[in-house]
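Report on the following structure.
Letters A, B, ... are given to chains in the order of the sequence lines, protein chains preceding strands, and every chain is numbered from 1. Keep in mind that the numbers below use all heavy atoms, side chains included, and drop hydrogens, waters and symmetry copies.
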Protein chains: 2
Amino acid sequence: MSDIDLIIQRLELRGHRVTQSRRRVLDAVLAQPAHFTVDDVLRATRAPRRRQPPVGRATAFRTIRLLLDLNVLCRILLDDGTLHYRLSTRGHHHHLVCRDCGRVEDFTQCDVEPLVRELAEAMEYDIDAHWLEVYGRCRACRQPTKEPARVR
Amino acid sequence: MSDIDLIIQRLELRGHRVTQSRRRVLDAVLAQPAHFTVDDVLRATRAPRRRQPPVGRATAFRTIRLLLDLNVLCRILLDDGTLHYRLSTRGHHHHLVCRDCGRVEDFTQCDVEPLVRELAEAMEYDIDAHWLEVYGRCRACRQPTKEPARVR
DNA sequence: TGACAACTGATACTAGGTCTCACTACACTG
DNA sequence: CAGTGTAGTGAGACCTAGTATCAGTTGTCA
């Protein structure tokens with residue numbers, strides 16, 4: 001079953017209609033690179049080679065929000081402080097982002113847990129969430145000979 | 001030496017002028033709770049009891065940005081995804097934020113390092129930065145008898 | 001077929017932030 | 001002490017990301 005079918009299934013399962021507009025946003029989302037903004041998606045739905053009517057801005061934002069609620073997308077915090085969107089891997093995960101090419105690796109072996117437990121004890125907090133993003137340069141971008149393959 | 005004098009010293013050291021407007025923004029920043037927005041600061045400079053002329057919006061934003069550059073302030077990511085500002089403790093640190101009262105604890109015993117090293121090896125990334133925010137409820141806010149002391 | 005709810009898109013609005021530009025106020029130089 | 005150049009200022013236009021409103025459209029089910 002393809003990505004798009006899985007997402008459509010998830011939409012229907014939650015009682016949402018799968019309309020033409022939503023399908024167009026979905027298509028555009030799946031065609032995006034590692035991470036993107038809502039305007040990137042909007043632009044993609046409006047690309048001249050797509051012979052479909054464009055999607056309204058409000059609808060694009062609404063659909064992205066819906067996909068976020070369904071955990072189809074997640075948000076990713078770039079090192080400049082801007083929030084982008086990204087197709088989400090299932091469950092709790094974090095991002096390792098290459099500053100140069102924008103490539104993103106998801107990682108789940110989230111060994112922040114001991115730290116969080118320690119912190120909870122020391123500070124007497126009930127801790128229920130955390131956010132961790134890691135930034136660096138991937139192997140390809142460190143090789144000076146090759147042109148970095150810009151993912152975004 | 002007081003906080004404000006230290007900051008002023010840092011400004012001068014970097015060749016910035018210490019003008020009336022900057023002093024007013026600084027006063028307002030130091031009077032803020034755990035974390036704040038630029039508009040909070042603006043409102044504070046315009047509070048009726050202050051008999052000083054108000055600071056322009058652009059100047060407030062410029063000054064906050066300057067203080068950010070000087071590491072006087074840091075940004076803090078709230079769990080709703082909004083970025084606020086906060087007086088920065090020196091050096092690399094993270095935030096533990098109480099969702100209820102907004103209280104913030106800074107922590108530096110940042111044992112993310114082993115995780116980061118492991119990640120660097122596994123993914124073949126040069127890792128140079130990370131961002132970690134932790135959310136929970138502080139002791140005071142967990143006690144049902146007392147009204148939580150709202151820090152912000 | 002009708003009715004109702006979900007959805008859509010245009011548009012206005014908000015928050016947070018930058019840009020521009022004419023003006024002001026420092027601080028150095030002669 | 002005057003002149004001058006530069007840093008800083010404030011008003012306001014503008015930008016980006018996102019939400020609210022609302023009349024009109026579409027899909028679904030009885």
Side-chain angles (χ1 to χ4, degrees), chain A residues 7-8 10-29 32 35-46 50 52-70 73-86 152, chain B residues 7-8 10-29 32 35-46 50 52-70 73-86 152:
Chain A
I7 298 171
I8 285 175
R10 224 187 292 187
L11 271 170
E12 284 172 340
L13 222 68
R14 292 280 210 98
H16 299 288
R17 290 185 193 160
V18 180
T19 61
Q20 281 311 303
S21 295
R22 284 187 178 160
R23 217 177 267 271
R24 267 175 257 142
V25 171
L26 226 46
D27 276 344
V29 159
Q32 293 300 307
H35 46 86
F36 50 87
T37 63
V38 175
D39 277 332
D40 292 334
V41 170
L42 255 178
R43 246 187 315 271
T45 69
R46 287 169 180 176
R50 310 210 173 223
Q52 305 175 319
V55 173
R57 218 172 79 93
T59 301
F61 274 101
R62 276 188 290 240
T63 307
I64 297 289
R65 199 180 3 164
L66 181 60
L67 295 175
L68 218 49
D69 287 347
L70 294 176
L73 297 181
C74 59
R75 291 198 293 182
I76 172 167
L77 179 69
L78 300 193
D79 54 346
D80 63 358
T82 59
L83 279 166
H84 280 211
Y85 298 92
R86 167 168 173 78
R152 103 152 254 108
Chain B
I7 299 172
I8 285 174
R10 225 188 287 189
L11 271 171
E12 285 171 339
L13 221 67
R14 293 281 208 97
H16 300 287
R17 290 185 192 160
V18 179
T19 61
Q20 282 311 302
S21 295
R22 285 187 176 159
R23 216 177 267 273
R24 266 175 256 141
V25 171
L26 227 46
D27 276 346
V29 160
Q32 292 302 305
H35 47 87
F36 49 88
T37 64
V38 176
D39 277 332
D40 291 336
V41 170
L42 255 179
R43 247 188 314 271
T45 69
R46 287 170 180 176
R50 309 208 174 225
Q52 303 176 319
V55 174
R57 217 171 79 94
T59 300
F61 275 101
R62 277 189 288 241
T63 307
I64 297 289
R65 201 181 1 165
L66 181 60
L67 295 176
L68 218 48
D69 287 347
L70 294 176
L73 297 182
C74 59
R75 292 197 292 183
I76 173 168
L77 179 69
L78 301 192
D79 55 345
D80 63 359
T82 59
L83 279 166
H84 280 213
Y85 298 92
R86 168 168 174 78
R152 105 152 253 108

Starting at [atom1] of [X] and ending at [atom2] of [N], how long is that distance when rounded to a whole Å?
| X | N | atom1 | atom2 | answer |
| --- | --- | --- | --- | --- |
| A:R43 | D:dT16 | CZ | P | 9 Å |
| A:H84 | D:dG18 | NE2 | C1' | 14 Å |
| A:L26 | C:dT8 | CG | C1' | 17 Å |
| B:D80 | D:dT19 | CG | C1' | 14 Å |
| A:R14 | C:dA6 | CZ | P | 15 Å |

Looking at [atom1] of [X] and [atom2] of [Y], how far apart are the two atoms once the value is rounded to the nearest 0.5 Å?
| X | Y | atom1 | atom2 | value |
| --- | --- | --- | --- | --- |
| A:H16 | A:L70 | NE2 | CG | 5.0 Å |
| B:I76 | B:H84 | CD1 | NE2 | 9.0 Å |
| B:R14 | B:L66 | CZ | CG | 8.5 Å |
| A:S21 | A:L26 | OG | CG | 12.0 Å |
| A:T63 | A:R24 | OG1 | CZ | 10.5 Å |

Donor-acceptor pair between A:D39 and A:T37 side chains, under 3.5 angstrom
no
Please write out each protein N/O paired with an N/O of nucleotides 17-26 of chain C under 3.5 Å, distance rounded to 0.1 Å.
unit_1	atom_1	unit_2	atom_2	d
C:dG17	OP1	B:Y85	OH	3.1
C:dG17	N7	B:R57	NH1	3.4
C:dG17	N7	B:R57	NH2	2.4
C:dG17	O6	B:R57	NH2	2.5

If you find the nucleotide of DNA chain C closest to B:V18 and the one closest to A:T59, which residue's nucleotide is nearer the 5' end?
A:T59
